[in-house]
2 protein chains.
Amino acid sequence: MTTVNALSEVAALMGDPARASMLSLLMDGRAHTASELALTAGVTAQTASGHLSRMVEANLLAARAQGRNRFYRLASSDVAHAIESLMALAGTRAAPASLHAAWRRDPDLRFCRTCYDHLAGQVGIAVTDALTKAGHIEPKGPRDWTLTEPGELFCQRIGVDVPGARRAGSRHFARQCLDWSERRPHISGALGAAIADTFFSRGWAEKLRRSRTVRLTDSGRRAMGSHFGATLS
Amino acid sequence: MTTVNALSEVAALMGDPARASMLSLLMDGRAHTASELALTAGVTAQTASGHLSRMVEANLLAARAQGRNRFYRLASSDVAHAIESLMALAGTRAAPASLHAAWRRDPDLRFCRTCYDHLAGQVGIAVTDALTKAGHIEPKGPRDWTLTEPGELFCQRIGVDVPGARRAGSRHFARQCLDWSERRPHISGALGAAIADTFFSRGWAEKLRRSRTVRLTDSGRRAMGSHFGATLS
DNA sequence: CTGATGGTTCGGCACCGGCCGAACTATTGG
DNA sequence: CCAATAGTTCGGCCGGTGCCGAACCATCAG
């Protein structure tokens with residue numbers, strides 16, 4: 001009963017095209033201003049303002065005032081995860097042919113992107129697969145992983161701040177997040193974020209402006225081979 | 001762009017209270033009739049019918065007609081996953097399956113009964129699940145199974161007359177029949193009947209008079225364990 | 001202080017979509 | 001063949017909500 005209402009309320013919030021556009025943009029994990037979000041949603045500022053306050057009210061978004069701007073971001077990685085799950089569903093919808101075309105249209109996004117604050121797409125999957133294959137992470141429960149002792153050493157070696165990730169409050173440490181383009185779980189949670197940080201700080205990857213797309217640098221490609229034993233198409 | 005629309009469309013479907021109620025009920029993984037879903041959603045049959053066809057259209061649900069009922073179930077585990085993610089956002093856990101009054105009224109019938117000439121109820125489901133899990137039968141088409149080579153040997157070993165079943169005229173050989181109490185498919189058709197015959201002729205089960213209820217004998221319970229690897233409540 | 005920019009609140013309009021009554025089809029059982 | 005039950009389609013009503021114009025705060029630059 002109550003859970004039903006909660007489900008419909010949350011889903012209804014995501015079900016409006018304008019709000020869905022905003023959420024999509026915010027999937028890059030960054031904070032965006034209200035006017036920026038209004039622009040991408042194709043509505044006026046006052047309409048966007050209404051949408052945004054409703055989503056903050058429902059704990060989908062978090063807002064932060066800075067100067068005369070207000071920045072909005074996803075409230076938690078759980079929100080990002082739910083959105084990814086819905087996008088995965090959209091992939092199964094009717095007319096697979098036309099949808100395939102949509103995928104082809106954005107191969108870079110499928111190759112590597114941010115999902116909230118961790119890596120997704122083929123690169124995210126490749127990293128996750130490599131960690132699994134090497135025994136660095138092991139499934140624990142239906143939606144989590146544990147970092148094994150060799151995994152801990154490996155992370156230390158490539159410069160992932162594991163202690164920092166463990167300190168990350170009540171956040172899940174190593175979570176499975178369903179990748180909508182690859183349709184398989186990649187690693188998220190505090191550890192997933194720490195790994196992504198490593199990719200960016202070591203210059204293995206860089207965020208493209210105004211997009212969730214991430215470009216893997218040449219040194220990033222070499223790192224994928226040497227550290228993760230992965231060959232990317 | 002395309003992915004945004006897809007996101008909002010899927011979310012909007014889940015965002016209606018009536019549809020959310022239906023999806024919540026279907027989270028038990030079983031198939032439910034249209035009228036049952038209408039009842040729990042608190043809408044009339046015609047309204048429910050509209051909702052259901054829209055969700056089938058969007059590949060959220062799968063429908064199957066049987067007799068004069070239409071059974072609806074979640075189209076895939078991905079759908080269940082997405083719903084659970086949304087529920088997690090609201091901090092509420094998915095409610096456990098609600099028990100139907102009919103189940104409590106006749107637990108024996110629910111445990112084991114004949115469905116025309118084959119076994120149904122928990123035992124029918126357990127047999128079917130065991131055959132599936134062991135790779136003895138495999139789904140073929142929307143409503144049939146094929147008997148694999150190991151399955152053929154297994155049947156021969158426990159004394160199921162497979163050649164006789166194959167000879168059974170124009171009748172379907174191995175058919176999926178939706179179980180009324182378990183709401184999941186069990187095996188019917190000529191092979192299902194032959195399996196039931198084996199249960200009766202080997203003294204594993206016996207029909208109760210003036211009833212569809214079937215009693216599993218002690219040797220039947222042992223057989224369920226040894227041949228089918230199933231533990232029954 | 002004044003003007004400019006970013007953001008929110010308010011009020012009213014217009015449209016979408018959920019709902020039901022009524023009528024119709026299909027299956028089952030007697 | 002008829003009655004009962006399950007389900008769908010059609011048409012029209014009505015409420016919720018997304019939208020914008022206008023007015024109203026807040027911050028910053030000069």
Side-chain angles (χ1 to χ4, degrees), chain A residues 4-5 7-26 31-58 60-73, chain B residues 4-5 7-26 31-58 60-73 100 102 115-116 143 175 177-178 180 183 188 212:
Chain A
V4 170
N5 286 339
L7 167 63
S8 68
E9 279 169 22
V10 167
L13 278 175
M14 296 180 176
D16 176 78
R19 287 192 292 264
S21 301
M22 296 174 174
L23 290 169
S24 259
L25 178 60
L26 292 167
H32 294 264
T33 64
S35 40
E36 197 174 0
L37 290 162
L39 192 68
T40 59
V43 294
T44 58
Q46 58 270 36
T47 300
S49 178
H51 286 314
L52 290 167
S53 46
R54 284 186 62 184
M55 289 194 282
V56 169
E57 175 71 17
L60 289 185
L61 301 185
R64 173 172 42 99
Q66 186 165 306
R68 59 182 163 183
N69 291 315
R70 275 194 88 177
F71 285 87
Y72 292 88
R73 60 173 175 79
Chain B
V4 170
N5 286 339
L7 166 63
S8 68
E9 279 169 23
V10 163
L13 279 176
M14 297 181 178
D16 175 76
R19 286 192 292 262
S21 302
M22 296 174 173
L23 290 169
S24 264
L25 178 61
L26 292 167
H32 293 265
T33 63
S35 39
E36 197 174 3
L37 291 162
L39 191 69
T40 59
V43 295
T44 57
Q46 60 270 36
T47 300
S49 178
H51 286 314
L52 290 167
S53 47
R54 282 187 63 183
M55 290 194 280
V56 168
E57 174 71 17
L60 289 185
L61 302 185
R64 180 204 278 187
Q66 184 157 310
R68 59 184 164 186
N69 292 312
R70 271 194 94 176
F71 285 86
Y72 292 88
R73 60 175 175 78
H100 290 131
C115 174
Y116 187 41
R143 289 196 54 180
R175 193 81 163 156
C177 179
L178 204 49
W180 287 77
R183 301 302 169 88
S188 67
R212 297 169 56 194

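Excluded from the calculations below are hydrogen atoms, water molecules and symmetry mates; all remaining heavy atoms, backbone and side chain alike, are included.
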**Study point:** Base dG7(C) paired with Gln46(A) side chain (donor-acceptor, <3.5 Å)
**Key:** no
Study note, to complete from the structure: The nucleotide from dG7(C), dC20(C), dG18(D) with an atom nearest the side chain of His51(A) is dG18(D)
Review point. How long is the span from the CG atom in Leu61(B) to the OH atom in Tyr72(B), to the nearest 0.5 Å?
Key: 8.5 Å
Practice item. Please determine, for the side chain of Arg19(B), which listed nucleotide (dC19(C), dC20(D), dG18(C)) has the closest atom? Key: dG18(C)
Exercise for review: Could you check which of dG7(C), dG18(D), dA22(D) has an atom nearest any side-chain atom of Arg54(A)?
Suggested key: dG18(D)
**Study point:** Whole-Å gap separating P (dA26(C)) and CD (Gln66(B))
**Key:** 19 Å
Study note, to complete from the structure: Whole-Å distance, Arg64(A) CZ to dG7(C) P, equals 13 Å
Check your understanding: Quick one: is dT5(D) close enough that its OP1 or OP2 comes under 4.0 Å of any side-chain N or O from Ser35(B)?
Key -> no
Review point. If you look at every strand shown and take non-hydrogen atoms under 4.0 Å, does Ala45(B) touch a base, only sugar-phosphate, or nothing?
Key: base
Review point. Can you check the Leu52(A) CG to dT8(C) P distance for me, whole Å?
Key: 7 Å
**Study point:** Between P of dG6(C) and CG of Leu39(A), the distance in whole Å
**Key:** 12 Å
**Study point:** Student check: side-chain heavy atoms of Met55(B) and Leu23(B) closer than 4.5 Å
**Key:** yes
Check your understanding: Within this structure, what is the CE-to-P distance between Met22(A) and dG7(C), rounded to whole angstrom?
Key -> 11 Å
Point to revise | Distance in Å, Leu25(B) CG paired with Glu36(B) CD, rounded so as to fall on 0.5 Å steps | key: 6.0 Å
Check your understanding: Between dT17(D) atom P and Glu9(A) atom CD, what is the distance in whole Å?
Key -> 10 Å
Check your understanding: For the residue pair Ala38(B) and Thr44(B), what are the closest heavy atoms and their distance?
Key -> CB-O, 4.0 Å
Check your understanding: Would you say Thr44(B) reaches dC20(C)'s phosphate, i.e. side-chain N/O to OP1/OP2 under 4.0 Å?
Key -> yes
Review point. How long is the gap from OG on Ser8(A) to CG on Leu13(B), to the nearest 0.5 Å?
Key: 13.0 Å
Review point. How close or far is atom P of dG6(C) from atom CZ of Phe71(A), stated in whole angstroms?
Key: 12 Å
Check your understanding: Where the side chain of Ser49(A) is concerned, which of dT17(D), dT9(C), dG18(C) is the nearest nucleotide?
Key -> dT9(C)
Exercise for review: Assign Ser53(B) to base, sugar-phosphate, or nothing according to its heavy-atom contacts below 4.0 angstrom with the strands shown.
Suggested key: nothing
**Study point:** Below 4.0 Å: OP1/OP2 of dT27(D) and any side-chain N or O of Asn69(A)
**Key:** no
Check your understanding: With a distance cut-off below 6.0 Å to the six-membered ring centre and an angular limit of 45° from the axis, does Arg64(B) pair with Phe71(B) as a cation-pi contact?
Key -> no
Check your understanding: Counting only side-chain N and O atoms of Arg70(B), is one of them less than 4.0 Å from OP1 or OP2 of dA6(D)?
Key -> no
Revision key, fill the gap. Comparing nearest nucleotides in DNA chain D, the 5'-proximal residue of the pair Arg68(A), Asp16(A) is Asp16(A)
Check your understanding: What nucleic acid atoms does Tyr72(B) come within less than 4.0 Å of, heavy atoms only: base, sugar-phosphate, or nothing?
Key -> sugar-phosphate
Practice item. Grab the CG-C1' distance between Leu61(A) and dG7(C) for me, whole Å please. Key: 16 Å
